Amino acid sequence: MKSKINLHYASLNCNSLVKTGSSSIQSSYIRHLRLQQFNILSLQETNTSDSNIPSIDMQLLQPLQSFWTKYCVDTDNIYASDRILLCKVSHPHGFYEPYYILNLYAPASSNVERRTFLDSLYSMLFQLSTTDTISFHRLLISGDFNYDYGRDILRNNRAYKTSTDWVSFLLELFYNCMSFNDLDSVSTFQRNISIRSVIDYIYAGSTLQHMITDVVPPII
């Protein structure tokens, strides 16, 4: 069994993948993603439905395996809701030790809903860890958190924007992958020219952290 994983991973809020009025723009956008040859691509805010998933999935993205919800897409699902996909990634012949990916899209418009969502997610993960369903050391957490840790927590007293248990959980047990190349302050969201923030993250458990070889800047 290999101790290391060769993984080309990406997480992207694709901002209403199916809502563009131009099918050519949509096709070009998805084709560009496919040409990056990611091993695993986690998407948020897909706004998909049962009717349009087949065309996006098979004709454009052409993955070997996928799981979709209205807000998220990922692979090899353990637990799913509209805003969460928790996945176990394993090899059929045991060439590497299984690892886990949590893809999430937190509520954007309501601080109360966001706190409730993240509190529930925190509780769910700890419940799963007590039954050895998942290992935090081999867990990758990524997605659109819809709060800016540096702006809202470190520099301003805006803890109401998130769950304090969730923030402590990430700080104690996970590594912010964007820190690898000092990219953790680079904006991941922009509206107009003046509004920029860091609301999208990739966190790695301790085992996965030591396997990181490169991190590229986000594209907005």
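Just so we're clear, the structure is a prediction, and the values are computed from it rather than from any experiment.
Within the 3.5 Å criterion, the main-chain N or O of L43 finds a donor-acceptor partner in the side chain of N103. When atom types are taken as modelled, the side chain of R138 and the backbone of G205 share no donor-acceptor pair closer than 3.5 angstrom. No side-chain donor-acceptor contact under 3.5 Å links D165 to the backbone of D119. Put simply, the side chain of R83 never gets that close to the backbone of L104: no donor and acceptor are under 3.5 Å apart. The main-chain N or O of Y9 is never found under 3.5 Å from a side-chain atom of N39 such that the two would form a donor-acceptor pair.
Separation of atoms CG (N146) and CD (E113) is listed at 11.5 Å; rounding is to 0.5 Å. Taking CD1 of I40 as the start and CG of L7 as the end, the distance is 5.0 Å to the nearest 0.5 Å. With rounding to the nearest 0.5 Å, the separation of OG in S120 from CD in Q127 is 11.5 Å. Here L208 contributes atom CG and H137 contributes atom NE2; the two are 10.5 Å apart, rounded to the nearest 0.5 Å. Expressed to the nearest 0.5 Å, how far OH of Y175 lies from CD1 of I212 amounts to 5.5 Å. Rounded to the nearest 0.5 angstrom, L33 CG and L12 CG are separated by 6.0 Å.
F136 pairs in a ring pair (Phe, Tyr, Trp, His ring centres under 6.0 Å) with only one of the listed residues (Y122, F126, Y100), which is F126.
Shown here for A106 and R114, the closest heavy-atom pair between the two residues is CB-CG, 4.1 Å. Here the shortest heavy-atom pairing between Y147 and L118 reads CE2-CD1, 3.8 Å. For C177 against V215, the heavy-atom pair with the smallest separation is O-CG2, 3.4 Å. Between K161 and R115, the shortest heavy-atom contact is C-CG, 4.4 Å. Of all non-hydrogen atoms in K88 and P98, the two that sit nearest each other are CE-CB, 3.6 Å. A159 approaches I153 most closely through the heavy-atom pair CA-CD1, 3.9 Å.
The shortest side-chain heavy-atom distance between Y96 and V89 falls under the 4.5 Å cut-off. Taking the side chain as every heavy atom from C-beta outward, Q36 and L41 never approach each other to under 4.5 Å. Looking at F145 and I199, their side chains never come closer than 4.5 Å, going by heavy atoms from C-beta outward. The shortest side-chain heavy-atom distance between Y99 and L140 does not fall under the 4.5 Å cut-off. Residues L102 and I134 form no side-chain contact, since every pair of their non-hydrogen atoms from C-beta on lies 4.5 Å or further apart. Residues D152 and T162 are not in side-chain contact: their nearest non-hydrogen atoms beyond the backbone lie 4.5 Å or more apart.
Between F174 and F169, the angle of the ring planes goes over 60°, which puts this pair in the perpendicular group of the 30/60° scheme.
Checking S11 against Y201 by side-chain atom types alone, no donor-acceptor pair falls below 3.5 Å. Checking N13 against D200 by side-chain atom types alone, no donor-acceptor pair falls below 3.5 Å.
No continuous path of ILVMFWY side-chain contacts below 4.5 Å connects Y160 to L154, so the two sit in separate hydrophobic clusters.
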